[in-house]
Amino acid sequence: MSKEQQFKPHPLGRSFEPETFESGIYRFWEENGCFDAKDACIPGQDPFCIVIPPPNITGVLHMGHALTNTIQDILVRWRRMKGDNTLWLPGTDHAGIATQIQVEKALAQEGKNSSGQPLSRHDIGREAFVERTWKWKDEHGGKIKEQLRRMGSSLDWKRERFTMDDGLSAAVREVFVRLYDEGLIYRGERIINWCTRCQTALSDLEVVPRDRKGNFWHIVYKVVGDDGKTLRRPDGTEEQIVIATTRPETLLGDTAVAVHPDDGRYTHLHGKQLQLPLLGRLIPLIADAYVDKEFGSGALKVTPAHDFNDYEIGKRHGLPIVSAMGKDGRITSAGGPYSGLRFTVARERVLQDLKEGGLLVRSEDHQHKVGVCQRCESVVEPVVSKQWFVKIQPLAGPAIKAVQDGRIVFTPQSWEKVYFEWMTNIRDWCISRQLWWGHQIPAWYCGRCQDVAVARTAPGKCPKCGAPGAEMRQDEDVLDTWFSSGLWPFSTLGWPGKTQALKTFYPTSIMETGFDIIFFWVARMIMMGIHFMGEVPFKKVYLHAMVRDEKGEKMSKSRGNVIDPLVVIDKHGADPLRFTLSAMSGQGRDVKLSLERVEGYRAFCNKLWNAVKFFHLQYEAAGSPDEPREGAGTWLQHHRVELLEPDKWILSRLQTLVARVEKGLAGFELNDSAQALYEFTWHELCDWYIEFSKLQIKDGVEERKETVITLHHVIETLLRLLHPFMPFVTEELWQSLPWKKSARPGGLVTLMLQPFPSSNGKLIQQDAEKTVCAIRTVVDAVRNFRGENSIAPKNSFPVKYVCKSSAASVFVRAYGHMIRDLAGISELVQVEDGSAAASGDSVVPLTQPPVELRISIKGLVNAEEETKRICKEIERIQSDLKHVRGKLAKESFVAKAPAELVQKERQREQELAQKISELEQSARRLGKG
RNA sequence: GCGAGCGUAGCUCAGCGGCAGAGCACGCCCUUCACACGGGCGGGGUCACAGGUUCAAUCCCUGUCGCUCGCACCA
C-alpha cells in the first residue's frame, strides 16, 4: 500500500465518538418524518402499534424509562423495517397527586399568606391553581420528551397525547357517563383509604404497607349488667375482657367487641354490654367467626369507621358507625374530651388516661405493617366517606376470560397467575380524589332538588326539577389518574370518534411495561378496552424486569445509587446504553445495571466502527469499485459456489445470525439477539473474517473484488440487523457505505427505513463452515503452542505436518497459506506419513482435520517448558477420556442410550486415547533430547 | 400465612437432560499497517444443600436453607 493511500482521508473519524453524530441523526430522522405512521395501511401491509406507557409530567428520565423505551424502540424499529405500518405513540400522564404535590411545594416556597403560613392552593383558589399547574406542565413536562429523543426513541411525535388534553378529557367524560348509565359507577358512603396529608381518598393500590415498630397495648373493657353496673364473677372479681390493639386511639370509635362464637371463654357473655373505656359508652359483645380465638385474648374491638375488617363485621351485625378519626387528622366530636387532638397526641392522652384508670394491663413491642400513602409516605387512615366507585366485578369477568382463553398473552407467563389472583379478589375501585389537578367528575348537583345529573357537558337545567343550570353545582372531586390511563390504548387513537387510526391500530400489538403496574394500569386497560371497544386493547403483554444498581438494590435518591441515563449517554452514547439494557433484559425480575457493562458495549461500538473503517480502506485500495449491477447480495448469491471459502463461510454464518436475531425479537428474548449480534460481529467477522480478508486482498484482483463485495454485503446486512438495538451508530456507519439504496420513491436514504434482513438459505454452505472450522483448529493449535510458551508474534517459525488422510492433504494444500499467515508460521512443510518425528520436534496431534503438526522447538523454547505444556494437555485429555470410558463401561448406557450416541462416544474414546499416546511419545522424545 | 422468582467463575449474567459458557476483572506475551475502546494465550466452577426419577441431572420431581418480590394480614 502506498503512503498516499494510507493517509488518504476516509469519511469516518478515528474512533467511535457518539457525541459527534447522535443529535444530528435524530434530527435528520424526525425532520424527514421517519417516525410517522400512516392512518391506513397500504394493501398487504400489517399494522404494528405500541402505545408508550405515558411517563408522568413530573418525571425525569430514569433507568426504568431507559429500559422500557429501549425495548419498545427495538421492537418498533424492527417491525418498521419489516415493512409494517408502525406506530409508536408518545404521550404523558397528568399524574394527579404527584403533580399537585410538586406545584404545591413550589407555591409554598414562593411566599406566605396573610396569616404568615406558606402559600397553599387554598390561598389562590382552584381556578388559579389549576392554571398554574398547566403552566408548570408546559415548563417542566416537556423535559422527558427531549430525554426520550436522546435515547433514540422513534416515536411518532405528531400524534403525541396528554391525558388531560381535550380529546382524552372527552373520552374520560364519555366513559364516566356510560358507566354511570350502566350502573357500573355509583356514589356511596363506604370505608375508604384517606391520606391526611394529601387530604384525599386513595384506592387500595395507592396504599403501600410498610413495616413499622409499634406497640401492642392490652386494654380492659368491663362488662356491665342490665343495671349498668359492672358484672362480678362468682369469685367477686370484676367481669372484664382484655383486648389487644396497636391503635388505642381508635377505641373512641368502637361500637362493639367481637369474640369467636365457639370460644368457650366468652360464651356466657354473648349479648352482654361492655363499657367503652374512657368514654363510658355501652357497646355490645358480639360473636363473629372472623375473630381468631388463638390471637391475643381472642377478643377484638370493633371500629367499623376505621378498619376495613371491622367495617365488614359492622355491616354483618348492623352496628352503628362512629367516626372518631377526622379527615383533618384530628379526633372528631365523637371523641368527647379528646376531640380536636391530632391522632398522635390523642394516642398519648388515651394511653395516659387508661393507665391512670387502671385499664391498661400491659404493653408489648410489636412489629406490624402500616399502610402509607404511595405518594407522600404519610400514614393512611381508613375512614367512612362518600365517594365515587366503579363496580368492578362485571368488568373484571371478561378481562379474566380474555387472558384465560389466550386473546391476551403475558410474557413471562408467570405474571398471568398474579393477574388472575388480583382480578378474582378485586374490590370496587374508589375513583374520586379530593384534588384539583385532574379530570373533574362530570356530575352536577341541583341546588334545588338535590338530585345528581351525570352528563358529558354541564346541564342547562336540572333534568329532574328543571332548575336553571346556574343552580347546578359540579362535583368538586377529580378522578383517579389511572382512570384516564386506563383508556390510553383507545383514547389516544381518537375514541370516542370513529377514526381511521383507531380502525387501523386497535387492538394495539404489544403492551410493554413494568410488572409493578399490572394492577394499576394493565388490568384496567384490559377491562376498559374490552368494555368500550368490544375487543382487547393489546394481544401481548411483555413485562420487563426492574432496573436495580449493581448490588441489586432499588435505585433511589435516598440511597444515592441512582445511575442517570443521561449522564451515561453523555459519557458513552445512547447506543452502548441501549445495547447494555437489551443484553441484560432477560426474563428475570431484576436488571442489575453496572457501568462496566456499558463500557464494554461502548468498546463494542468502537469495534464495529473500526470494522467499517477497515472496509473503507480496502474499498479504496481496490479503486472504489461500483456495486455489481444486480446488487451485492444478488451477485453473491449467483457466485456463491465459486467464492473463496472464508467468503462462503461468513455469508453462511450471517444467515444463521439473521435467523437467531429474528427469533429473539419475536420471542421477547432481546438478550439472545443482542448476544448473537455481539458474538458474530466480534468473534466471527472481526476476529476471523477480516483477518482472512486481509490475506485474500493480497492474493489478486479477483479475490479482492469478491472480498470487497462480501465485506460490504456482510457489513451492510449487519448494520441493518443491529439497527434496532443501536440506531445511531449504525445509521452513521451505514451512511458512510458506498453502495446503498433509497428506501422510498422520494429518495430518502436512511438505514431506519431499509428492509430488515431475512435469512437466505441459499447462502448457507455447510462445507465452507467445516473448512473454516478446520483452518481455525490448526491455527488455534499453533497459537496455543505459541501463547503457552510466550513466543512473540514477530518470532515466526517453521512447522512440519503429516496428513493422516488424502482429504487432509488436499485441505492443507488448499488452505496452508492461510494457516501459515494467521498462525505466524514461516514455512509449512509436508512430511511423509510414517516418517518418524525428529528428536527435537514437539508433536501436536489433531483429529479434525486429521493432521499432525511437528514443531522444532530448538531456539524457540526449552524442552522442559514444552514438556510441561504437553503434560497439561495430556491431563486435560485424560480427564475427558476417563469420563468417556466411565460412560462406556456402564452396560446400561450401552444398552439404553441411543445407538448413535454410543457410537460417537466409542469413536471419541479412540481419538482421545490415540492423542494421548502421541503426546506421550512427544514428551518422551523431548525429555531425552 | 399464601403465591411467585432467584441461588452457575472474583463480579454481572446466559444455558435448562448427553464433555460447564460469555462479558468484565485477573495472569502472561504483543505499540503486527481497522481497532490498546486493541490482538494472542491462559488460570479460575462439588452449577446453594439433601434426596428422587433417568442409561445419563446444572437442567425434571420432592424437601431443606438463603435472598428477593407480590398478595393477604392476627386486631
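The chains referred to below are lettered A, B, ... by the order of the sequence lines, with proteins before strands, and numbering in each begins at 1. As the structure is a computational prediction, the values presented were derived from the model and not from experiment.
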Among the candidates [options], find the nucleotide nearest to the side-chain atoms of [X].
X       : options                : value
P793(A) : U32(B), C35(B), C41(B) : U32(B)
R602(A) : A36(B), C37(B), A75(B) : C37(B)
N784(A) : C37(B), G42(B), C35(B) : G42(B)
D780(A) : A75(B), C41(B), A34(B) : C41(B)
K887(A) : G39(B), G18(B), C35(B) : G18(B)
E691(A) : A36(B), A4(B), C35(B)  : C35(B)
V418(A) : G70(B), C37(B), G42(B) : G70(B)
S15(A)  : C28(B), G40(B), C37(B) : C37(B)

query: Which residue pairs satisfy the salt bridge (charged side-chain N to carboxylate O under 4.0 Å, His left out) criterion with at least one member in residues 600-609 of chain A, sequence neighbours excluded?
result: none

task: Write out all pairs satisfying salt bridge (charged side-chain N to carboxylate O under 4.0 Å, His left out) with one or both partners inside residues 207-219 of chain A, taking only residues at least two apart or from two chains.
output: R210(A)-E377(A), D211(A)-K369(A)

Looking at residues at least two apart in the chain, or sitting in another chain, which of them share a side-chain hydrogen bond (donor to acceptor under 3.5 Å, both in side chains) with [X]?
X       : answer
K872(A) : E788(A)
W521(A) : none
Q675(A) : E679(A)

Within the 4.0 Å heavy-atom criterion, would you say [X] contacts the bases, only the backbone, or no part of the nucleic acid?
X       : result
N425(A) : nothing
K417(A) : sugar-phosphate
Q675(A) : sugar-phosphate
I243(A) : nothing
R783(A) : sugar-phosphate
C605(A) : nothing
D292(A) : base
H218(A) : nothing
R876(A) : sugar-phosphate
K301(A) : nothing

- prompt: Heavy-atom contacts under 4.0 Å between residues 890-903 of chain A and RNA chain B, which residues?
  reply: K890(A), S892(A), F893(A), K896(A), A897(A), P898(A), L901(A)

- prompt: Below 3.5 Å, does any donor atom in the side chain of K613(A) face an acceptor in the base of C35(B), or the other way round?
  reply: no

Nearest-Å distance once atom [atom1] is located in both [N] and [M]:
N      : M      : atom1 : answer
U68(B) : G63(B) : P     : 22 Å
G39(B) : A20(B) : C1'   : 27 Å
G7(B)  : U64(B) : C1'   : 14 Å
A14(B) : C71(B) : C1'   : 31 Å
A25(B) : U32(B) : C1'   : 27 Å
U46(B) : A57(B) : C1'   : 14 Å
G51(B) : C59(B) : P     : 14 Å
U62(B) : C6(B)  : P     : 14 Å

message: Does atom CD (Q910(A)) have a neighbourhood of more than 12 heavy atoms from anything else shown, all under 6.0 Å?
response: no

message: I'd like to know whether NZ of K293(A) has more than 12 heavy-atom contacts from other residues, nucleotides or ligands below 6.0 angstrom.
response: yes

Take atom [atom1] of [X] and atom [atom2] of [N], then tell me their distance rounded to the nearest Å.
X       : N      : atom1 : atom2 : value
E421(A) : C2(B)  : CD    : C1'   : 8 Å
L888(A) : A56(B) : CG    : P     : 15 Å
L608(A) : A34(B) : CG    : P     : 17 Å
E875(A) : G44(B) : CD    : P     : 11 Å
N671(A) : U12(B) : CG    : C1'   : 13 Å
K694(A) : A34(B) : NZ    : C1'   : 7 Å
F515(A) : G5(B)  : CZ    : C1'   : 10 Å

- prompt: On RNA chain B, nearest-nucleotide positions of F615(A) versus H368(A): which is more 5'?
  reply: F615(A)

task: Using the closest heavy atom to pick a nucleotide of RNA chain B for each, name whichever of D687(A) or E679(A) lands nearer the 5' end.
output: E679(A)

Could you list the protein-to-nucleotides 23-27 of chain B atom pairs, N/O on both sides, closer than 3.5 Å?
unit_1	atom_1	unit_2	atom_2	d
G23(B)	OP1	H683(A)	NE2	3.4
C24(B)	O2'	E596(A)	OE1	3.2

statement: Each base of RNA chain B marked ( ) or [ ] if paired in-strand (Watson-Crick or G-U under 3.5 Å), | if paired to another strand and . if unpaired gives ((((((((.[[[[.)..(..]]]].(((((.......))))).....[[[[[..)....]]]]])))))))....

What pairs with [X] under salt bridge (charged side-chain N to carboxylate O under 4.0 Å, His left out), at least two apart in sequence or on another chain?
X       : answer
D204(A) : R427(A)
E249(A) : R347(A)
E909(A) : R885(A)
D262(A) : none

query: What about the rings of H544(A) and Y542(A), do their centers lie closer together than 6.0 Å?
result: no

message: Centroid separation under 6.0 Å, is that true for the rings of F725(A) and Y601(A)?
response: no

field: Shortest non-hydrogen contact from I400(A) toward Y419(A)
entry: N-OH, 4.0 Å

- prompt: Would you call D821(A) and K698(A) a side-chain contact if the rule is heavy atoms closer than 4.5 Å?
  reply: yes

